[in-house]
Amino acid sequence: MPFRAPLEDFRFLFDHVVGFGEIAATERFSEASPDTVEAILSELGKLTEEVWAPLNRNGDLDPARVENGVVRTSKGFAEGFRALAEGGWLGLSAGEEHGGMGLPLTLTSAMNDMLAASCLSLGLNPLLTQGQVEALEHHASATLKEIYLPKLISGEWTGTMNLTEPQAGSDVGALRSKAEPNGDGSYAISGQKIYISWGDHDFGGNVCHLVLARLPDGVPGTKGISLFMVPKYLPNEDGSLGEANRLRVVSLEHKMGLHGSPTAVMEYDGATGWLVGEPHKGMAAMFTMMNNARLGVGIQGIGAAEGAYQKALEFALDRRQGRTPIEGQGGTGTIVDHADVRRMLATMRADIFTARAIALSCAVALDMSTATGAPEWAARAAFLTPIAKAFGTEAGMRVSELGVQVHGGMGFIEETGAAQYYRDVRVTAIYEGTNGIQAMDLVARKMMDKGEAAFALIDEMQGFAEGLRSDRPALAEPLWQAVETLREATEWMLAQGDLNERFSGSVPYLMGFARVLGGYFHLKAAQAEGGEGPRARLAEFYIRRLLPEHVGLLAHATVGSADLYALSVEDLSA
Ligand SMILES: Cc1cc2nc3c(=O)[nH]c(=O)nc-3n(C[C@H](O)[C@H](O)[C@H](O)COP(=O)(O)OP(=O)(O)OC[C@H]3O[C@@H](n4cnc5c(N)ncnc54)[C@H](O)[C@@H]3O)c2cc1C
């Protein structure tokens with residue numbers, strides 16, 4: 001069974017769970033009518049099913065490589081990228097003044113989900129390009145916008161982000177790359193960057209690097225960092241490609257997965273670059289790209305989970321092994337009828353729904369913030385971003401791992417492709433800020449409002465559960481109780497003045513929050529279906545079996561740090 005784009009899930013989530021209608025009702029996004037949304041979803045569904053999905057194995061079996069200093073990409077990737085670009089899809093949410101469609105980010109999020117599900121390694125390229133477009137729209141000078149935005153939006157050129165250096169990973173402030181003024185408004189950029197995704201390719205056009213570097217008067221740490229546009233080819237006045245810039249791909253990394261995405265070590269040797277935004281304010285400018293990318297990476301996890309689920313279900317519906325408990329009673333006779341296999345498949349499906357609902361809610365909040373300027377929406381988006389990133393990628397890992405398990409021995413054999421999802425998605429929990437860093441962001445920066453954004457969500461969830469306590473007690477009551485436990489854990493977090501107390505439980509807190517959000521979204525789905533139907537049955541499965549995980553997670557979240565440090569390094573080494 002080939003990949004099928006999960007269009008029905010998007011339609012249902014848009015209409016009944018995340019409130020897409022609210023976006024379409026704003027003046028800013030009035031073009032996002034139901035007909036437009038339907039046309040876009042089905043066109044993208046076709047593109048990902050027919051053009052992208054057949055490329056996924058090529059990325060794994062025929063990885064990107066360097067030949068004589070030039071990066072060669074996997075077979076068919078250039079054509080796949082072109083098909084996306086020619087549809088105008090890279091500019092789905094980009095501003096109309098430079099050739100974008102100006103449509104909601106929520107739609108782009110659905111697109112990124114389908115791109116990741118059909119071919120994760122190729123999908124990383126448009127994700128980075130979209131992020132670069134957003135950063136330039138917000139921070140670049142009019143001249144830079146004029147030169148770069150039309151070409152990035154049309155997909156003629158592509159974008160990368162260059163933060164990481166050998167000594168500066170999570171601690172970006174430790175970077176050493178330098179920028180010296182050339183005296184003509186441009187800068188000479190020097191330094192080495194590692195792990196640069198899509199640092200080069202053979203799709204044609206330009207590769208536009210957004211590079212973080214320090215000006216001569218930049219202070220140490222993140223406050224002294226500036227952002228520069230450093231293209232592979234220096235553009236001529238008319239926008240055509242000029243001479244090659246002083247930068248090169250030193251090598252490509254050998255990775256556990258995601259082989260189709262070239263991950264480059266880049267060297268900048270006095271390369272010409274132009275400042276994006278204010279001097280020393282590079283982190284703020286890069287954060288525009290990173291926030292977009294954080295949500296996008298969470299969605300990569302969800303897409304990979306979707307691909308892994310579809311493959312596992314297909315296998316389970318075909319593989320016969322042993323007598324099943326419902327043989328002769330309407331069962332299929334295949335392993336899908338074994339209770340444990342059904343548990344695995346239901347877990348996969350329920351968590352894909354949870355993660356997708358969280359990510360799309362985050363996108364809706366971003367769109368509402370753009371459309372209305374209301375600070376509550378911005379606060380909600382900021383709060384949901386680390387949850388969408390970390391839970392989406394966690395779901396990607398967990399679901400693809402279950403996908404291998406459903407296959408039994410064949411899951412460990414590469415030819416089924418089940419293992420590829422598992423290997424490919426693993427990095428999503430690491431890049432774009434590890435999930436540990438996301439969780440720290442959630443309990444520190446995202447709670448600097450004294451918990452206002454957290455409690456707004458908590459109140460919304462509890463209010464919804466409260467309203468259904470008498471109609472649907474079996475589902476609403478456990479959710480109400482779970483929200484109460486989450487409220488107490490949140491109060492505990494806020495009471496810790498020493499941030500390290502919070503950090504010692506930040507990952508289980510984030511995962512516990514996501515678990516409770518999942519209960520809320522599943523209950524909304526069940527309610528929309530009138531309490532009967534496949535979504536209501538999935539909600540029952542989730543609330544009975546997966547929601548209770550919040551108890552352990554939130555207990556873990558609120559222990560504090562003393563026991564961690566009581567366990568000495570010697571204890572760990574004994
Ligand atoms: C395939 C791939 C593609 C990538 N693409 C890009 C790209 O396009 N552009 C780019 O700039 N970078 C890219 N990266 C780099 C990526 O963003 C970093 O690997 C990531 O930010 C983690 O940094 P690090 O690898 O140095 O790990 P470290 O920062 O050394 O972290 C190691 C461990 O320590 C933990 N840790 C670190 N600091 C803290 C702290 N303060 N508190 C608690 N725990 C902490 C981390 O969570 C992690 O578990 C890519 C990486 C990979 C593997």
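For ligands, and for the atoms within them, numbers begin at 1 and follow the listed sequence. The first residue in the sequence is number 1, and the count goes up from there. Every value quoted in this text rests on a predicted model; they were computed, and no experiment measured them. Just so you know, these numbers use all the heavy atoms, side chains as well, and skip hydrogens, waters and symmetry mates.
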### Task
Please answer whether the main-chain N or O of Asp351 pairs with a side-chain N or O of Arg398 as donor and acceptor at a distance below 3.5 Å.
no
### Query
Got the closest protein heavy atom to atom 47 (O) of ligand 1, with its distance?
Thr434 OG1, 2.7 Å
### Task
Using distance alone, decide if ligand 1 has a nitrogen or oxygen within less than 3.5 Å of any nitrogen or oxygen in Tyr195.
yes
### Protein contact for atom 7 (C) of ligand 1 (heavy atom, distance under 4.0 Å)
yes
### Salt-bridge contact Asp441-Lys389 (side-chain N to carboxylate O under 4.0 Å)
no
### Query
Has ligand 1 got any nitrogen or oxygen that is less than 3.5 angstrom from a nitrogen or oxygen of Tyr431?
no
### Query
Can you name the closest pair of heavy atoms from Asp62 and Ser74 and give their distance?
O-OG, 2.8 Å
### Query
Does ligand 1 have an atom that lies less than 4.0 angstrom from a heavy atom of Ile430?
yes
### Message
Going by a strict under-4.0 Å cutoff (protein heavy atoms only), does atom 35 (C) of ligand 1 have a neighbour on the protein?
### Response
no
### Message
Using heavy-atom distances only, which candidate in Gly169, Ser197, Ser170 approaches atom 28 (P) of ligand 1 most closely?
### Response
Ser170
### Task
Using distance alone, determine whether Thr164 and ligand 1 share an N or O pair under 3.5 Å.
yes
### Message
Check the orientation of Trp198 and Phe203. Use parallel for under 30°, tilted for 30 to 60°, and perpendicular for over 60°.
### Response
tilted
### Task
Note the single closest protein heavy atom to atom 39 (C) of ligand 1, along with its residue, its atom name and the distance in Å.
Ile437 CD1, 3.8 Å
### Side-chain ion pair, Arg176 and Glu165, N-O less than 4.0 Å
no
### Summary
Within 4.0 Å of some non-hydrogen atom of Lys255, the atoms of ligand 1 are 1 (C)
#### Entry: Distance, nearest 0.5 Å, that separates CE of Met229 from CG of Leu210
4.5 Å
### Task
Answer yes or no: is there an ion pair linking Arg65 with Glu67, defined by an N-O contact shorter than 4.0 Å?
yes
### Query
Under a 4.0 Å heavy-atom limit, does Met440 contact ligand 1 with its side chain, its backbone, both, or neither?
side chain
### Message
Among all the protein's heavy atoms, is there at least one whose distance to atom 53 (C) of ligand 1 comes out below 4.0 Å?
### Response
yes
## Note on the structure
Closest to atom 11 (O) of ligand 1 among protein heavy atoms sits Leu163 N, 2.8 Å
### Task
Determine whether the side chain, the backbone, both or neither of Glu432 has a heavy atom under 4.0 Å from any heavy atom of ligand 1.
backbone
### Task
Quick one: closest heavy-atom pair of Val230 and Thr272, and the distance?
CG1-O, 3.4 Å
### Query
Would you say Val427 contacts ligand 1, with heavy atoms under 4.0 Å as the rule?
yes
### Task
Mark yes or no: Arg445 above the aromatic ring of Phe287, with NZ or CZ under 6.0 Å from the six-membered ring centre and no more than 45 degrees from the axis.
yes
### Message
I need the nearest protein heavy-atom contact for atom 9 (N) of ligand 1: residue, atom name and distance, please.
### Response
Met161 O, 2.8 Å
### Message
Does the protein come close to atom 49 (O) of ligand 1 - that is, does one of its heavy atoms sit below 4.0 Å from that atom?
### Response
no
### Message
Can you confirm, on distance only, whether ligand 1 has an N/O atom lying under 3.5 Å from any N/O atom belonging to Gly436?
### Response
no
### Query
Are Phe228 and Tyr268 an aromatic pair by the rule of ring centers under 6.0 Å?
no
### Query
Can the ring centroids of Tyr148 and Trp157 be said to lie less than 6.0 angstrom from one another?
yes
### Query
For Thr263 and ligand 1, does the shortest N/O to N/O distance drop below 3.5 Å?
no
### Query
Shortest non-hydrogen contact from Glu414 to Arg423?
OE1-NH2, 2.9 Å
